[in-house]
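Excluded from the calculations below are hydrogen atoms, water molecules and symmetry mates; all remaining heavy atoms, backbone and side chain alike, are included. Convention: sequence-line order gives letters A, B, ...; per-chain numbering from 1. Small disclaimer: the values here were computed from a predicted structure and weren't measured.
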Amino acid sequence: MSTELPKQYQPSEVQSRWLDYWKENGYFDANPNPNSEKKPHTIMIPLPNVTGALHMGHALNGTLQDLITRWRRMQGYEALWMPGTDHAGIATQAVVERRMFEEEGLTRHDIGREALVERIWKWKDSYEKRILEQLRQLGASCDWRRTRFTLDETCSKAVRRTFFRFFKDGLIFRGKRLVNWDPHLQTAVANDEVFHEEVDGHFWTFTYPVVGEDGELTGEKLAFSTTRPETMIGDSAVCVHPTDERYEHLVGLKCRIPVTGRDIPIIADALLAKKELGTGCVKVTPAHDHNDYACGLRYGLEQINILNPDATINEHGGEKYQGLDRYECRTKIVEDMEALGHFVEVEDRKIELAHSDRSKSPVEPYLSDQWFVKMDDWADGKPGLAQSAMDAVTDPDGKKPRVKFFPQRYQRTYLDWLGEKRDWCISRQLWWGHRIPVWSKQIGQIQIESGVFVQNEDSKAFAGKTVFGFLTDEQNENVLVQERTDATSGDQFRYVCLDSDDPEIISKLEQEGYEQDESVLDTWFSSALWPHATLGWPDTGNNPPLADGSSEPSTLDSQPSAKNEVLDYFYPGSVLITSRDIITLWVARMVLTGLYNMKDSPRVQRGEMSPQDMVPFSHVHVHPKILDGFGQTMSKSKGNGCDPQDLIDRYGTDAVRFSIASFAGETQDVKLPMGYECPHCENVVPQALDGKGPMVKPATVKGTLRGTSEKVLMPCPKCKKESQFSTPQYDLDPAQPAARMVSERFEYGRNFCNKLWNAARFAIMNLEGYTPGKIQESDLRLEDRWVLSRLSRVTEEVTTLLGRYQFDKATQAIRDFTWNEFCDWYLEMIKPRLKAEGDDGAVSSEKAVAQRVLVGVLDGLIRLLQPFTPFICEELWQKLKDIAPERGLFEPQAAAESAMIASWPELPASLQDANLEDRFSRLQETVVAVRNIRAVYGIGPNVPVKLFMKCEPGVAEELQVCADQFENLAKTILEAAGAEIDRPAASASFNLKDADGFVPLEGLVDVGAELERQKKEADKLRGFIKGHSAKLKNEKFVQNAPEKVVAEVRETLAGLEKQLESVEAVIAQLGDG
RNA sequence: GGACGAUUAGCUCAGUUGGCUAGAGCGCCACGUUGACAUCGUGGAGGUCACUGGUUCAAGUCCAGUAUCGUCCACCA
């Protein structure tokens, strides 16, 4: 039989083979299994955006999810890891629009809604494919059959139903919101598409005349400052601080805007006005400033929009200003104010002005109509959506919290944000996304008295918005009709909300003059539904279709009633693994929509679960972020990202996974110094800070990547030859040489895999003649018992650590065991037995035992490692199966078909033997001490030395038992051990806690050097002794410290003194010559 | 501005409820390639635990403050 394994682990050969094997065998698939002992374990992927390829953050996120999924699967759970991608409205549309503009000079208005959406679908198809492939390459054991996309039919149904339910429950309202308006492109831009730039501006101070209670000017003037005088047209108030004595007497009066003649109230608001700033008085323009808007809501101020979409002044400017550009208007107003005698002064000032990323032109805060979901509680005190999600974490009923954060500190982020209960603006003026399922037409108009709101019983919930009437179309349960009046314009509308995409209903509506809302829903609206939508909700009568469109066969043939078994079985989910930046936007919303939508699901109706328990996951693990070598977030705009594929190709998937897991601790983000390896000369060019080195600095304009496909070629600083520099932002041109990313930190994982590989290689080479058989306790040697004790302990530890999501510690525990215990000691110690020949060349009985324990331990180790490094484990598992298909500790059993479906190791705790481990460390310390002496005196490893040990008889006996190991591990003959031993002449010595060792080195020992060495040792001991005895002399310590601690110090001190005594004796002898 | 986190060896990080001599990996130095592994082995050097106070018998660990760095959120008349 050939057991030839290459000397080095070759990941690329192994990886594709096992990916196919796992897939063919359906090992990743998870199916409802309610009638078996198996329990479900559900993880929903934090759906990656189809904006671009995956980066290192995804690699970390994916590795951890796969680790947990594989672990739980081995533990016997029906483990589902649900994959899928997010349409990512703004980001994706922006990238496609930008590319289209740069390559073809086209804007979306040139090609129209339908054509743009079609183009984005094509983009989505290509990137979704790439993303899923990247995940596969990482070894992700997702149930790929169930892959979902937020715009697919299953998810769309969930979106429509949720919106409809919200609408019906009065949770959806229409309101105004200030958006960042790009007048050039005539579109709203998201916050992250806005950059701030300092521009030269002016800071004017003007006055408004005060109007008395009789409506006449009092002669007093109120001074204020502004950088945007044109917004005067839209002022609704002037605001001062409530405790500002200068203005106290004016609050409640009005003042007049000189250029329009309109009177506005003088109000006092502590949040808006700051006494010490400027004149202490500020004008309030709710429709054109974010702070003023909030103030306007607090005081019920009129919101006056003064701009047309192209940023010219609208009808509110009156004859004088209407039609002027906002900047022309600014000049005009300044002139007019001056002419009217209300100008005080002007100074030049640098102003931080918001600019649109796309058009690079200034954006204006612009009041627009938007849809909202109410987050606040109900007027009657019934908890609203936000409160329900908070309760799931804080557990007000004193039961177990239903959602728990790991690490716990992150629950604060979640609670603080939800606690604000801010209404959720769900509409976006985009074309890529779920269209808002509401059709409307205007049915009239009523006059609304300026500045006064029409109040009704929902006033708290709908502050600033008004609801009139609520009709339901009784013939269609999926049609809701509502009539509402716009609180600012007085326009009356009838809205029709549909939970249907039935073209017949829609065309009927449109015939009657109804138009569908142009906006689409916020991306987070659909991703909030991810945990239940992917499982087929709201369809509770059928299993969700699989990704290829086929339907999943029922697993419950006996059950005649149709039901959605998938949703029933896998919801509520188990754990969400994500990064901290979406705790609010995503995690919080998944909890609240999950509770809301699932509160009346079949399991609740059947009484199996309470509505409060229908949370999407019971654990949230928040993992660290990946940073570059300078501690900066990796981002597109900085160009410092890394495609995980570079690392996978270079180090192997398992190495990348293992390294990543070892980085994932509870506190620190992961700093990854990276470099680019020149394909010509292999020189590694370190990644430099933004713009200061050979880092790929993608062509940027004002801080943002131009998402073009242009290839950047850069010369290597050493060999001067050009190559592409890899980045996740570009697809590498295969025709050009590429400098791909490397990072020393991944050698950790690569080296570990290689070590494991070689340990297994050694085992396999020594398993010739292996026969399965029961391992008798009495046949076990010291090292066997020790390795089993250690394996049992480590297994327990890793299991606990994974349960707490402490991946760094789990990784370290496994590595330490594998390398420093299994390889360094156990394998070394069993070599003699493996070499022992039996009679007639047959396998000797001691060899047979060694083989059985070895293969049993290796088997356990591979299983322990499978979730971390699945590929190498599968490879070794299969190799091991060829030579030892039946194996195991104590009782041999047939090995599982695949490592990934083998059971998670559980070793009896009775194997753990602290006393034996202590004895073993004495052996280790002795061996190390002898090796040390060899190193110090330059005695080669093959020159035999003798060892004398002075110690208690009991210790001596234990040393004698493992005497053969001294020879094996240190080429050392234990000549004698016991209390009566004296230091042989011309020997080097060492001392342990309970023994002194002497190695006679006739002719080899340099007395002077040895004396030096021992003196140094004595000094070290004296230092420790001083510290310890000082403690004991301190009465307060002896009085106050726990007895146990005092006793420990005494014991240690005694030991140290004894050791010092031995060393001093040696020194005395050496001194004598 | 608010919240959270970090600051320990040249680098990247561990360090449990305060308690024996503060650890690991990489890098460095010396030695070592005939049988698992040079992606290796053996041995070694290397730390004023950011700073200043405080609590305590005892502080890397707890408290207060300072400095620097980072993340998220809010915002910048």
Report which part of the nucleic acid [X] touches: base, sugar-phosphate, or nothing (heavy-atom distance under 4.0 Å, all strands).
X         : value
A:Phe663  : nothing
A:Arg422  : sugar-phosphate
A:Gln408  : nothing
A:Asp669  : sugar-phosphate
A:Val1049 : nothing
A:Cys753  : nothing
A:Tyr748  : sugar-phosphate
A:Arg815  : sugar-phosphate
A:Lys1044 : nothing

Out of B:G70, B:A36, B:C76, minimum distance to the side chain of A:Asn291 belongs to B:C76
* **Side chain of A:Ala759 - closest among B:C26, B:G19, B:A36** =>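 Among the listed nucleotides, the one closest to the side chain of A:Ala759 is B:A36.
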Q.
Holding to side-chain contact (heavy atoms from CB on, under 4.5 Å), I want the full list of residues that pass it with A:Asp808, two or more places apart in sequence or in another chain.
A.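 Per chain and number, A:Asp808 pairs via side-chain contact (heavy atoms from CB on, under 4.5 Å) with A:Gln806.
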Quick one: side-chain contact (heavy atoms from CB on, under 4.5 Å) partners of A:Asp918, sequence neighbours excluded?
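Residues passing side-chain contact (heavy atoms from CB on, under 4.5 Å) with A:Asp918: A:Ser921.
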- Query: For the ring pair A:Phe807 and A:His621, is the centre-to-centre distance below 6.0 Å?
  - Reply: yes
| Using the benzene-type ring in the case of Trp, are the ring centres of A:Phe405 and A:Tyr410 under 6.0 Å apart? | no
Nearest-angstrom distance, [atom1] atom, [N] to [M]:
N     : M     : atom1 : answer
B:U8  : B:U55 : C1'   : 23 Å
B:C28 : B:G15 : C1'   : 24 Å
B:U33 : B:U42 : C1'   : 13 Å
B:G53 : B:G60 : P     : 15 Å
B:G25 : B:A45 : P     : 15 Å
B:C4  : B:U12 : P     : 26 Å
B:U16 : B:G23 : C1'   : 14 Å
B:A24 : B:A38 : P     : 24 Å

For A:Ser662, is there any backbone N or O sitting under 3.5 Å from a side-chain donor or acceptor partner on A:Gln812? no
Carboxylate-amine/guanidinium contact [X] [Y], below 4.0 Å:
X         : Y         : answer
A:Lys625  : A:Asp581  : yes
A:Arg804  : A:Glu666  : no
A:Asp1019 : A:Arg1022 : yes
A:Arg793  : A:Glu796  : no

Smallest separation among heavy atoms of [X] and [Y], with atom names:
X        : Y        : answer
A:Ala664 : A:Leu60  : CB-CD1, 4.1 Å
A:Thr869 : A:Cys753 : CG2-SG, 4.2 Å
A:Leu222 : A:Cys281 : CG-SG, 3.7 Å
A:Pro286 : A:Leu301 : CG-CB, 4.2 Å

Are any of [X]'s side-chain N or O atoms less than 4.0 Å away from OP1 or OP2 of [N]?
X        : N     : value
A:Thr667 : B:A14 : yes
A:Lys7   : B:C37 : yes
A:Gln668 : B:A14 : yes
A:Thr633 : B:U71 : yes

Contact string for nucleotides 39-46 of chain B, one letter per nucleotide 5' to 3', B = base within protein heavy-atom range under 4.0 Å, S = sugar-phosphate only, - = neither, reads BSSSSS--
- Relative to the ring of A:Phe224, is the ring of A:Phe206 parallel (under 30°), tilted (30 to 60°) or perpendicular (over 60°)?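 Ring orientation of A:Phe206 relative to A:Phe224: tilted.
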*Fit a plane to each ring of A:Trp204 and A:His202, take the angle between them on a 0 to 90° scale, and name the class: parallel (under 30°), tilted (30 to 60°) or perpendicular (over 60°).*
tilted
Tell me the interatomic distance from [X], atom [atom1], to [N], atom [atom2], rounded to whole angstroms.
X         : N     : atom1 : atom2 : value
A:Glu347  : B:A77 : CD    : P     : 13 Å
A:Ile764  : B:C37 : CD1   : C1'   : 14 Å
A:Lys835  : B:A36 : NZ    : C1'   : 11 Å
A:Lys809  : B:U16 : NZ    : P     : 8 Å
A:Asp581  : B:C73 : CG    : P     : 7 Å
A:Gln1059 : B:C20 : CD    : C1'   : 12 Å
A:Ile830  : B:A36 : CD1   : C1'   : 11 Å
A:Met829  : B:A36 : CE    : P     : 17 Å

Using a distance-only test with no angle check, is there a side-chain donor-acceptor pair under 3.5 angstrom linking A:Thr231 and A:Lys283?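 Yes, a side-chain donor-acceptor pair sits under 3.5 Å.
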- prompt: Side chains of A:Tyr9 and A:Asn758: is there a donor and an acceptor less than 3.5 Å apart?
  reply: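 The criterion, which ignores hydrogens and geometry beyond distance, is not satisfied for A:Asn758 and A:Tyr9.
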Do A:Lys671 and B:A6 share a donor-acceptor pair, side chain to base, under 3.5 Å? no
(Q) Between B:A74 and A:Glu420, counting only base atoms on the nucleotide and side-chain atoms on the residue, is there a donor-acceptor pair under 3.5 Å? (A)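 No.
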Are any protein N/O atoms closer than 3.5 Å to N/O atoms in nucleotides 57-63 of chain B? If there are, list each pair with its distance.
{"from": "B:C57", "atom 1": "OP1", "to": "A:Asn1040", "atom 2": "ND2", "distance (Å)": "3.2"}
{"from": "B:C57", "atom 1": "O2'", "to": "A:Asn1034", "atom 2": "ND2", "distance (Å)": "2.8"}

RNA chain B in dot-bracket form (Watson-Crick or G-U pairs under 3.5 Å, [ ] crossing, | inter-strand) is (((((((..((((.....[...)))).(((((.......))))).....(((((..]....))))))))))))....
For A:Val1045 and A:Asp808, take the nucleotide of RNA chain B holding the closest heavy atom to each; which residue's nucleotide lies nearer the 5' end?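 With A:Val1045 and A:Asp808 compared, the 5'-side residue is A:Asp808.
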>> Both A:Lys625 and A:Asp292 contact RNA chain B. Taking the nearest nucleotide for each, which residue is further toward the 5' end?
In response: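 Nearest nucleotide further toward 5': that of A:Lys625.
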Look for any protein N or O under 3.5 Å of an N or O in nucleotides 2-4 of chain B and output each such pair with its distance, or none.
{"from": "B:A3", "atom 1": "O3'", "to": "A:Arg412", "atom 2": "NH2", "distance (Å)": "3.4"}
{"from": "B:C4", "atom 1": "OP1", "to": "A:Arg412", "atom 2": "NH1", "distance (Å)": "2.8"}

Discussion item. Whether A:Lys831 engages the ring of A:Phe762 as a cation-pi pair (distance to the six-membered ring centre under 6.0 angstrom, angle to the ring normal within 45°) should be assessed.
Written reply: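 Yes, A:Lys831 lies over the aromatic ring of A:Phe762.
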